[in-house]
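Notes for the one structure printed next.
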Amino acid sequence: EEFITDTGEHIDITDWECKFCEFEEGFSGEVELGAGYVSDDSYKFGEYTGLNEEGAFPVGNASIRYRDDIDADYLNLSLRDAGLDSRSLRIEGGRQGTYDAFLFYQEIPHFLSDTAMTPYQGNGSENLSLPAAWVAAGSTAGMTALNASLRDVDLEVERKRFGVGLRFIPTAPWKYEVAVRRDTREGKMGTSGAFFFRGMNLVEPIDYETDQVDVSAAYRGKDWQATLHYYGSFFSNDNDSLIWQNAFAPIVPGATFGQRAQAPDNQFHQLQATAAYEITDATRLSGDIAVGRMTQDEDFLPATTNPNLNAGVLPANSLDGEVDTLTANLKVHSRPTDRLRVKGAWGYSDRDNNTPQNAYTWVSTDAFVNAPRTNLPYSFTRQEFKLDADYRIDNFTRLGAGFEHENIERTYLEAEETDEDTIWGELKVRARQNMDMTVKIARAERDVSDYQPVAEIDPDQNPLLRKYNMADRTRHSVRVIANASPSQRATVGVSFDFSTDEYTDSTVGLTDARDAAVSIDAGVQLTEDTSLHAFAGFERIRSRQSGSSIFAAPDWEARNDDTVNTAGIGARHTLIEDKLDIGADYILMRATGEISVDGSDFPDLENDRDTIKLYANYRLKETMSLHLAYWYEDYDVQNWSVDQVNPDTLPGVLTFGEENESYDVNVVTLSVRYKF
Amino acid sequence: QPAATSAKAPLAGKYTEKGADTCIKCHDEDADYPVFDIFKTKHGTRGDKRSPFAGLQCEACHGPGVAGAEAMQETLDRGGHVGRVRPGQERPPILNFGSKSDEPVELQNSMCLSCHETGDHISWKGSVHEDADIACAKCHTIHTVADRVLERETQPEVCLDCHKTQRIEFQKPSHHPVRTGQMACSECHAPHGSAADRSLIKPTLNETCYSCHAEKRGPFLWEHAPVTENCSLCHAPHGSIHAPLLEKRTGWLCQQCHSQAGHPSVELSPAGLPGGSPSPFLLGDSCLNCHIQVHGSNHPSGVKLMR
């Protein structure tokens with residue numbers, strides 16, 4: 001018996017019996033069943049996991065495999081957190097190398113707030129009304145029925161995701177895939193509505209459905225590969241609008257109800273082709289083109305629901321919105337010598353908004369009719385050129401450098417064109433296999449051709465303002481990454497990121513920003529039975545901005561300073577060989593936000609979290625083990641955005657009066673794991 | 001008859017007489033580095049003609065094994081140590097993979113790419129990870145039932161091992177559900193390279209975000225320009241202390257770009273907190289108390305993003 005390689009080599013494999021190989025046949029896997037208990041209610045603690053409620057919950061996990069080594073039939077099943085609102089299931093199977101099919105289901109909850117209060121009725125529907133006894137007033141202080149009307153409302157959105165897919169490999173170089181996925185999101189979110197200068201927090205019903213389709217064909221030739229891919233995304237919203245009763249006394253007759261639009265149904269279709277070709281052994285050309293279209297044609301709502309106002313006839317019944325997208329990339333990279341790598345790339349990305357423009361007579365907050373405004377369909381074109389090279393000086397040192405140019409053109413915006421040039425240099429040093437270090441420094445200069453406030457925007461923007469995405473900017477950045485393995489049993493890694501942005505021509509707006517992050521981590525296998533790991537990280541994000549309350553030169557300056565410190569330490573230990581494993585982790589997070597305006601400091605925004613996780617795994621027999629886990633988390637928040645803000649604290653805004661998200665939660669789980 | 005012709009044989013040397021049996025008579029489940037779990041994976045399936053075990057078995061990936069096997073035997077005959085390779089000790093002459101390998105990364109990866117350079121891996125060459133000389137085996141483990149980097153819950157541990165700044169960011173109070181295991185890094189990023197910046201899975205950043213947040217795609221009648229240009233102008237995708245994933249608190253975030261006379265460019269000061277004269281520009285939802293439709297409005301009267 002012979003095996004012929006791609007290079008034509010004949011290899012005699014007559015005696016390759018594989019008699020020691022333990023090919024797998026039939027079913028195998030692991031199932032975990034048990035119960036857990038959560039000590040306290042906390043939406044923030046269970047934000048995405050579903051461990052948000054005090055009480056018991058079932059523990060259920062499974063990984064089940066079936067394999068037939070000769071026919072190549074297989075099945076993988078993975079069930080996670082079956083007893084929680086974050087459960088997921090994935091099943092995949094087929095005949096390996098011929099076809100596969102997969103199915104998945106996942107729930108991702110998002111528990112947003114369990115401290116909101118509202119006087120509104122009908123929460124979760126498109127119509128919010130106030131109780132019959134409601135007393136509307138000019139300010140929240142005059143809403144005498146407020147306290148008696150307040151009810152708790154839980155804000156949460158649950159995403160459910162279901163998908164199926166098929167993959168065919170009819171002949172070796174081809175691969176076809178079809179996949180569809182449906183995401184539904186249902187629940188309630190916080191939002192707000194306003195009548196002129198009076199606002200109220202409201203509950204927005206969420207009932208979204210997004211279907212996504214992927215169809216692709218991939219081909220792999222000897223020295224080229226190509227993929228053709230269709231992507232379709234179809235979004236539909238069961239709710240068109242939100243209608244709410246004005247909690248304040250109407251500023252004009254009829255301004256007793258407001259109506260706002262909800263996200264409209266929309267579609268996106270995209271065809272993408274990707275190809276790569278090895279021109280020579282050392283040079284590869286690759287490219288990608290994606291052509292897409294976004295459409296939206298939901299029926300318009302009326303300009304107002306106020307029967308006393310006449311805004312005339314709408315210029316159209318719906319938007320007929322259409323945006324064409326085109327993204328293209330071309331890349332050449334080459335290794336002309338063993339030591340040199342060279343890369344050149346061109347990228348193009350266009351968002352061409354063909355939505356019709358019309359003049360809309362608009363009604364300000366269902367209260368005042370205004371002169372018509374014309375919609376501004378924004379278009380963007382971005383082009384990018386990159387050239388870089390990297391040279392290996394010796395076995396331990398590599399030096400790289402690159403140049404990038406980015407040009408962005410915009411319509412209906414302050415800067416029609418911005419250009420940014422970036423140069424960077426990089427040094428990589430590797431000392432044997434157990435230490436490496438990379439240092440990269442970069443400097444970027446963004447230049448704005450001509451910045452003019454947009455004439456169509458009313459009222460005018462301060463001409464001294466520079467919006468930061470269209471402002472002259474000088475950016476410096478440094479990155480250092482180092483890793484070392486002082487021995488086979490120990491590793492240590494350090495990373496350092498630093499960047500500064502200076503907005504050189506911005507008198508009003510963001511003027512400068514500085515980010516710094518330092519991290520270190522280490523792991524050590526102390527003995528065969530014991531390992532330790534630890535990490536620490538520090539990040540600081542600072543910025544300054546200037547504003548003018550008098551539409552002239554700046555008369556205030558704000559400074560933002562966010563700091564995050566995080567650290568963790570953990571250990572794994574085998575207490576009794578083949579019997580008892582234990583582990584512990586502690587993670588600390590301290591995040592502080594300091595804001596000061598003209599030297600007056602806001603109270604610090606504080607987020608302090610301590611997490612302790614412990615586990616013990618006791619093996620009862622070869623196939624069965626007991627798993628005990630404990631999780632403690634303490635989270636203390638100080639947040640002036642909500643602290644001491646009751647529903648009537650603001651005279652002009654009726655708020656939810658939420659509390660901050662501090663919690664103190666213990667979770668214990670006990671489960672049996674069965675292996676087969 | 002040839003069994004298969006799928007694998008390249010880029011390495012010089014002699015193949016063993018007995019294939020895998022040569023290797024796994026020692027690399028059994030009691031070895032320092034057990035390899036038997038490969039038979040629970042796609043690589044250990046004889047029925048798939050593309051699989052290593054349908055062809056050159058261990059040597060399909062590790063290359064011709066005679067030199068390695070002979071070196072091991074000589075060491076054993078000398079009574080030497082053949083387990084875990086100690087610091088300073090020379091590795092046996094067989095291609096091995098991962099961060100502790102002495103082999104050039106490009107050579108290691110060429111073994112994997114000889115079968116896998118297709119589909120999602122088409123952009124590997126020239127990708128950020130290739131440029132950084134990352135070995136496939138730095139992230140992937142082959143002789144194991146469940147490769148950590150392919151599982152949603154464990155993948156972030158692998159990625160954040162190198163992407164340490166992101167590890168800090170995911171610890172912040174407002175975050176995507178990555179730290180809690182409901183979302184993988186690869187739901188946004190293509191680790192094997194893509195045409196997009198930051199190796200995103202879709203051609204643009206916004207299209208990547210819309211794959212989960214399609215309600216923000218529009219197009220809307222009244223667009224908010226930075227939203228259509230780049231979601232990350234306002235949002236920090238890996239985490240923030242300002243919910244929901246905002247670069248800074250709402251008032252100041254908006255004031256970076258909006259400076260009309262008086263409203264909204266008033267100076268926000270601590271005097272506007274409870275106890276002073278509570279300010280609607282500061283508390284509740286700040287600017288969003290009124291201008292709630294920050295992602296765009298399709299209402300005929302939504303030009304100020306209030307309807």
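Note on naming: letters A, B, ... go to the chains in the order of the sequence lines (proteins, then strands), and numbering restarts at 1 for each one.
- Between the side chain of Ser549(A) and the main chain of Glu267(B), no donor-acceptor pair closer than 3.5 Å is present.
- Side chains of Ser297(B) and Arg260(A): no donor on one and acceptor on the other come within 3.5 Å.
- Gln644(A) contributes no side-chain N or O that, together with a main-chain N or O of Pro274(B), makes up a donor-acceptor pair within less than 3.5 Å.
- A distance of 14.0 Å separates OG of Ser286(A) from CH2 of Trp124(B), quoted to the nearest 0.5 Å.
- Classification of Lys19(A) and Asp21(B) as a salt-bridged pair fails, no side-chain N sitting under 4.0 Å from a carboxylate O.
- Using a 4.0 Å cut-off between charged side-chain N and carboxylate O, Glu229(B) and Arg410(A) make a salt bridge.
- At distances below 3.5 Å, not a single donor-acceptor pair connects side-chain atoms of Glu24(A) with backbone N or O atoms of Lys40(B).
- Judged by distance alone, with hydrogens and angles left aside, the side-chain atoms of Asp15(A) form no donor-acceptor pair with the main-chain N or O of Lys18(B) at under 3.5 Å.
- Residues Ser519(A) and Ile168(B) meet the side-chain proximity criterion, which asks for heavy atoms closer than 4.5 Å.
- Taking the six-membered ring where the residue is Trp, the centroids of Trp252(B) and Phe602(A) are separated by under 6.0 Å.
- For the pair Arg307(B) and Trp362(A), the cation does not sit on the ring face, since its NZ or CZ is not both under 6.0 Å from the ring centre and inside 45° of the axis.
- Counting only distance, with no hydrogens or angles, the side chain of Gln461(A) and the backbone of Ser259(B) share a donor-acceptor pair below 3.5 Å.
- Within the 6.0 Å centre-distance limit, the rings of His175(B) and Tyr48(A) are counted as a close aromatic pair.
- Proximity of a side-chain donor or acceptor of Arg609(A) to a complementary backbone N or O of Gln171(B) within less than 3.5 Å is detected.
- In this structure, NE2 on His213(B) lies 11.0 Å from OH on Tyr208(A), to the nearest 0.5 angstrom.
- To the nearest 0.5 Å, the span separating CG on Asp73(A) from CG on Asp48(B) amounts to 11.0 Å.
- Between Arg249(B) and Ser641(A), some side-chain heavy-atom pair lies under the 4.5 Å cut-off.
- In terms of modelled atom types and a separation under 3.5 Å, the side chain of Lys172(B) and the main chain of Val564(A) share no donor-acceptor contact.
- Using a distance-only test at 3.5 Å, with no hydrogens or angles considered, no donor-acceptor pair links the side chain of Gln255(B) to the main chain of Gly509(A).
- Contact annotation: the side chain of Phe53(B) approaches that of Cys18(A) to within less than 4.5 Å [non-hydrogen atoms, C-beta and beyond].
- The main-chain N or O of Leu221(B) is never found under 3.5 Å from a side-chain atom of Thr355(A) such that the two would form a donor-acceptor pair.
- Put simply, the side chain of His333(A) gets close to the backbone of Lys125(B): a donor and an acceptor are under 3.5 Å apart.
- Between the side chains of Asp497(A) and Thr165(B), at least one donor-acceptor pair of N or O atoms lies under 3.5 Å.
- One side chain, Arg152(B) or Ser88(A), offers a donor N or O that lies under 3.5 Å from an acceptor on the other.
- Atom CG of Asp562(A) sits about 3.5 Å away from atom CD1 of Ile241(B), to the nearest 0.5 Å.
- Side-chain atoms of Glu223(B) and Asn353(A) include a donor-acceptor pair closer than 3.5 Å.
- Considering CZ of Phe300(A) and CG of Asn298(B), their distance stands at 5.5 Å, rounded to 0.5 Å.
- Side chains of Glu207(B) and Gln270(A): a donor-acceptor N/O pair is present below 3.5 angstrom, by distance only.
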